[in-house]
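Input: a single structure, listed below in structure tokens.
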Amino acid sequence: MLVLAAACDSDVCDAPERTRYSCEPVPTGSMGCVGGPTWEPSRSADDELRQDDPALTFPIGCRAEIPDCSGFYPANPRPFVCSSNPLENSGASWSELL
């Protein structure tokens, strides 16, 4: 039983190598989030903003998991959702789900 407990360490980060999406991109110019979520690594001194797929547009309601783990749930990738935002030119923006 001890071996099983060691293999199921809940603090092991299982982030994807690149951003994963719950949807397919929509045509450029469509209402949605332009590019994947913009983020800073949570477990690094590197504070450079990162973004995958900057040339693609994702529909409102799309969910994304970035290649970084949550500070609140260390074993899980950080989740984002594309939501309607009238202040953005594209009409939408990514929000991190906490």
Side-chain angles (χ1 to χ4, degrees):
M1 189 61 125
L2 179 59
V3 174
L4 180 58
C8 295
D9 183 356
S10 64
D11 289 338
V12 174
C13 181
D14 189 24
E17 289 186 31
R18 337 184 357 92
T19 303
R20 288 189 297 219
Y21 302 96
S22 68
C23 62
E24 293 294 322
V26 294
T28 300
S30 299
M31 181 180 266
C33 292
V34 177
T38 305
W39 55 279
E40 293 178 6
S42 63
R43 296 182 183 201
S44 170
D46 175 13
D47 59 355
E48 180 180 328
L49 283 177
R50 299 180 184 177
Q51 182 184 39
D52 288 333
D53 309 306
L56 299 177
T57 301
F58 297 92
I60 292 172
C62 184
R63 291 179 178 260
E65 291 181 337
I66 63 168
D68 188 46
C69 283
S70 168
F72 298 106
Y73 306 102
N76 298 314
R78 291 169 53 192
F80 287 77
V81 65
C82 178
S83 302
S84 177
N85 182 345
L87 300 178
E88 292 290 326
N89 289 337
S90 66
S93 63
W94 291 102
S95 301
E96 187 165 7
L97 300 171
L98 300 177

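Everything numeric here is computed off the predicted structure, so don't read it as measured data.
- Here the side chains of Thr38 and Arg50 are not in contact, with every heavy-atom distance at 4.5 Å or above.
- Through side-chain heavy atoms spaced under 4.5 Å, either directly or across other Ile, Leu, Val, Met, Phe, Trp or Tyr residues, Met31 is tied to Ile60.
- For Leu87, the side-chain contact (heavy atoms from CB on, under 4.5 Å) test picks out Asn85, with sequence neighbours left out.
- SG distance check for Cys62 and Cys33: not under 2.5 Å.
- Here the closest non-hydrogen pair linking Cys82 and Gly32 is SG-C, 4.1 Å.
- Contact detail for Pro67 and Thr19: the closest heavy-atom pair is CD-OG1, 3.6 Å.
- Residues satisfying the side-chain contact (heavy atoms from CB on, under 4.5 Å) test with Pro77, not counting sequence neighbours, are Pro16, Arg20, Glu65.
- Between the side chain of Asp52 and the backbone N or O of Arg18, no donor-acceptor pair lies under 3.5 Å.
- Through side-chain heavy atoms spaced under 4.5 Å, either directly or across other Ile, Leu, Val, Met, Phe, Trp or Tyr residues, Tyr21 is tied to Trp39, Leu56, Phe58, Ile66, Phe80, Trp94.
- Thr57 and Gly29 make their closest contact through OG1-N, 4.5 Å (heavy atoms, listed as atom of the first residue, atom of the second, distance).
- Within the structure, side-chain hydrogen bond (donor to acceptor under 3.5 Å, both in side chains) pairs that include any residue of residues 22-32 do not occur (at least two apart or interchain).
- Applying the side-chain hydrogen bond (donor to acceptor under 3.5 Å, both in side chains) rule to Glu96 yields the partners Arg78; only residues at least two apart in sequence or on another chain are considered.
- In this structure, CG in Asp68 is found 12.0 Å from CG in Asn76, a value given to the nearest 0.5 Å.
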